[in-house]
Amino acid sequence: MSVKESPGHTIVHDAPLTAPPGTQFWGSDAIAAVLRSLDIPYIALNPGASYRGLHDSIVNYLGNRAPQMLLALHDENAVHIAQGYAKASGRMMAAALHSNVGLMHASMPIFDAWCDRAPVLILGATGPWDAAKRRPWIDWIHTSSDQGGLVRNFTKWDNQPGSVTAAIEAIVRAAQIAQTAPRGPVYVNLDVSIQEQNIGALPALPDVARYAAPQPVRPDPDLVAQAAQLLSGAKNPVLLAGRCSRGLEAWNARVALAEKLNTPVLTHIKLAAAFPTDHRLHAVPPGNRLHPAAKQLLSGADVILSLDWLDLAGTLKQSFGDRPITAKIIQVSCDAHVHRGWSMDYQALPPADVYMMCEADAAVPLLLDAVTPRATGIPSTAPIATPAAAADGLSLRTIADALNAATRNIDFCITRLPLGWNGGYMHFRHPLDFIGFDGGGGVGAGPGLTVGAALALNGSGRIPIGLMGDGDFLMGHTAVWTAVHYRIPCLIIVCNNQSYYNDERHQERIAVARGRPPDNRWIGQRIREPEIDLAAMARAQGAVAIGPVTQGPELTAAVARGVATVQTGGVCVIDVRVLPGYDAE
């Protein structure tokens, strides 16, 4: 599913002077041409001499369109913008990283994209591999042997082509691999000599339609039949809605399957919205950890359908403990195709009685046709209470109340949530209402993900809103400049407890376990003395900035103003001083 910009809502285009037509072309012109043929809409980058040839080709050969450059002020933001764009649109965009140093900067967001199964085409560059062509000093320190090895353990594929022809094929192959499920980032390293090589006439480009990513794999009909029989005859089935697409048709199919089976559904706060959270079958608000009611539901299940659930084995462990898992497990996931030995993001090994090695969206319509309706009532669960708003200051609940009021009857997209957020605070009724967390737990992702998602949603009428901690904002805040410069409307609400609070909790646990003073947990964690004026940082980059907000009525007005700013095409950052503490476990 692709979110497309509406006419009249295009972002700012840095238009170059028209270059005179010529008959001589350079290697980077051919590389730029193949990016256009692949329908890459944007390339986010922080500039560097290692890809100055490609930079010139995008500007002076392509006219800075298709792809259009998005200047980022940090390499990390460049990749996170591309990741956020993919999360919201389902389309792949590119990011360019300068030599080994830019790649080292961006290794964390590449890992985020890897864990998030987000397709990103990353173009790197290196000084001349031919040592005789290297400039003194700078080309030597910016040339690495096996540069792709820096990120090989968390990319789907990498390559350093040795010619222009090889570079064209490498980029086409990389695009195909990145967009084949399980999706993920790929890296192509372009020697500066190849980019700047005079090649005369432009070579014929491949017909990229013949190298597109394959259609989703359909599961074996026998496995569909086995799963349907288990689900249709189950007394207490449970559906775990995990990694699924942003497509509305697929969303409706999941709802229809749950309704036909009359089965309770659980969703995950770390993943994008996969099922309406106010539906009668959505049993428990999504959370970072299983709510006791969710544990009880799963431990009493006789059939569990996992639609690419994140950490299925860990979830079963939370529910069953050391007892045998008596439920029949239907696993729908092709995630095993992308596992690496270096990263443990594949989690523990879950059991499966029926294992369909495909995407959830491919299996659900087939299951919907194959199952028979279940009339058995679902287990009754008591209403799940959510924490009340703090009486002596602002809490995450206070922010949620203000946000719910400001977005009533307005389409929104939550691009980021802070760690302590309670999943019961807002309802997600559309696949684009929430696009999930960063994937790899990399602090600093929030601003870039928000800007990337906002880029994808631009012109859709949907308001992008990123709620993030102060540590997250501080590490990635220069993404605000990119949003302002290119007029990418978005709202960032910084839930500012002036601390790396998650680590305060860790230090407290360690101190208690060792019989030491837990009150010392703040040392090396608190972001105070001096306090940082986050609103001033945003204002310095051209955004509408509000705060610090410390009172309830002030917060209500600030969020309403922020939403109105985005509706009129602006970028707004609100610094909300919240009390330390988590509203969810």
Side-chain angles (χ1 to χ4, degrees), residues 3-6 9-12 41-42 44 70-74 76-89 93 109 246 272 399 402-403 406-407 410-418 426 432-438 444-470 472-496 534-535 537-547 558-576:
V3 177
K4 296 184 178 178
E5 293 177 1
S6 303
H9 292 86
T10 54
I11 69 168
V12 166
Y42 302 103
L70 298 177
L71 176 59
L73 304 188
H74 197 289
E76 286 194 11
N77 287 336
V79 177
H80 274 139
I81 287 170
Q83 180 190 356
Y85 184 88
K87 287 167 71 70
S89 71
M93 64 173 276
R246 301 305 86 230
I399 294 176
L403 195 54
T407 57
I410 294 175
D411 289 336
F412 60 84
C413 175
I414 302 300
T415 63
R416 180 74 166 174
L417 285 173
M426 297 184 75
L432 279 170
D433 280 356
F434 175 54
I435 61 170
F437 275 53
D438 50 60
L449 291 176
T450 298
V451 174
L455 176 66
L457 296 167
N458 193 26
S460 69
R462 190 171 288 273
I463 294 179
I465 305 171
L467 297 102
M468 63 198 70
D470 45 326
D472 197 22
F473 179 77
L474 283 165
M475 286 193 191
H477 72 91
T478 56
V480 170
W481 182 91
T482 301
V484 173
H485 176 79
Y486 294 102
R487 297 180 192 167
I488 304 171
C490 58
L491 171 61
I492 292 176
I493 300 175
V494 185
C495 307
N496 183 2
L534 302 185
M537 295 171 74
R539 192 176 300 113
Q541 297 176 75
V544 172
I546 306 171
V559 174
R561 182 186 171 194
V563 169
T565 298
V566 179
Q567 288 178 311
T568 56
V571 178
C572 182
V573 176
I574 306 173
D575 175 10
V576 184

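Quick note: numbers below take in every heavy atom, side chains included, and nothing from hydrogens, waters or symmetry partners.
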**Request:** Run the numbers on L71 and T482 for side chain to side chain contact (heavy atoms under 4.5 Å, CB included), then give the verdict.
**Result:** CA-CA 6 Å; L71 176 59; T482 301; 5.7 Å; no

Approximate separation, where rounding is to 0.5 Å, of [X] [atom1] and [Y] [atom2]:
X    : Y    : atom1 : atom2 : result
N458 : S89  : CG    : OG    : 12.5 Å
L457 : I488 : CG    : CD1   : 11.0 Å
M475 : N77  : CE    : CG    : 12.5 Å
Y486 : L455 : OH    : CG    : 10.5 Å
E76  : Q83  : CD    : CD    : 11.5 Å
M93  : Y85  : CE    : OH    : 7.5 Å

Can you name the closest pair of heavy atoms from [X] and [Y] and give their distance?
X    : Y    : result
V559 : A402 : CG1-O, 3.8 Å
A44  : A78  : CB-O, 3.5 Å
A538 : V480 : O-CG1, 4.4 Å
I435 : K87  : O-NZ, 2.8 Å
I11  : R487 : CG2-O, 4.4 Å
C490 : A483 : SG-CB, 4.1 Å

**Residue pairs, two or more places apart or on separate chains, that pass salt bridge (Lys or Arg N to Asp or Glu O under 4.0 Å) and touch residues 452-462** =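 Counting only pairs at least two positions apart or across chains, the salt bridge (Lys or Arg N to Asp or Glu O under 4.0 Å) contacts touching residues 452-462 are D433-R462.
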
**Message:** Just to verify, what does D470 make a side-chain hydrogen bond (donor to acceptor under 3.5 Å, both in side chains) with, not counting sequence neighbours?
**Reply:**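 None.
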
**Message:** Please enumerate all residues that pass side-chain hydrogen bond (donor to acceptor under 3.5 Å, both in side chains) together with T407, with sequence neighbours excluded.
**Reply:**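 side-chain hydrogen bond (donor to acceptor under 3.5 Å, both in side chains) list for T407, sorted by chain: empty.
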
**Message:** side chain to side chain contact (heavy atoms under 4.5 Å, CB included), that's the test. Do T415 and L449 meet it? Break it down for me.
**Reply:** CA-CA 7 Å; T415 63; L449 291 176; 5.6 Å; no

**Request:** Decide yes or no on side chain to side chain contact (heavy atoms under 4.5 Å, CB included) for F412 and M426, but give the supporting numbers first.
**Result:** CA-CA 11 Å; F412 60 84; M426 297 184 75; 3.7 Å; yes

Output a table of donor-acceptor pairs, distance under 3.5 Å, between side-chain atoms of residues 567-576 and any protein atom two or more places apart or on a different chain; print 'none' if there are none.
{"from": "T568", "atom 1": "OG1", "to": "A564", "atom 2": "O", "distance (Å)": "3.2"}
{"from": "T568", "atom 1": "OG1", "to": "T565", "atom 2": "O", "distance (Å)": "3.0"}
{"from": "D575", "atom 1": "OD1", "to": "N496", "atom 2": "ND2", "distance (Å)": "3.0"}

**Request:** Determine, step by step, whether L403 and I414 satisfy the side chain to side chain contact (heavy atoms under 4.5 Å, CB included) criterion, reporting the C-alpha distance in whole Å, the side-chain angles of both residues, the deciding distance to 0.1 Å, and the verdict.
**Result:** CA-CA 11 Å; L403 195 54; I414 302 300; 4.2 Å; yes

**Message:** List the residues meeting side chain to side chain contact (heavy atoms under 4.5 Å, CB included) with H477, not counting sequence neighbours, and say none if there are none.
**Reply:**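 Once residues adjacent in sequence are excluded, the partners of H477 under the side chain to side chain contact (heavy atoms under 4.5 Å, CB included) criterion are F473, M537, Q541.
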
**Asked** How about I399 and C495: do any of their side-chain heavy atoms sit closer than 4.5 Å?
**Response** yes

**Prompt:** Do I463 and C413 have side-chain heavy atoms sitting under 4.5 Å apart?
**Reply:** no

**Residue that, paired with R416, satisfies side chain to side chain contact (heavy atoms under 4.5 Å, CB included) out of I492, D472, L467** = D472

**Message:** Which residues pass the ring-ring contact (aromatic ring centres under 6.0 Å, His included) test with F437, not counting sequence neighbours?
**Reply:**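 ring-ring contact (aromatic ring centres under 6.0 Å, His included) check on F437 returns nothing, list empty.
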
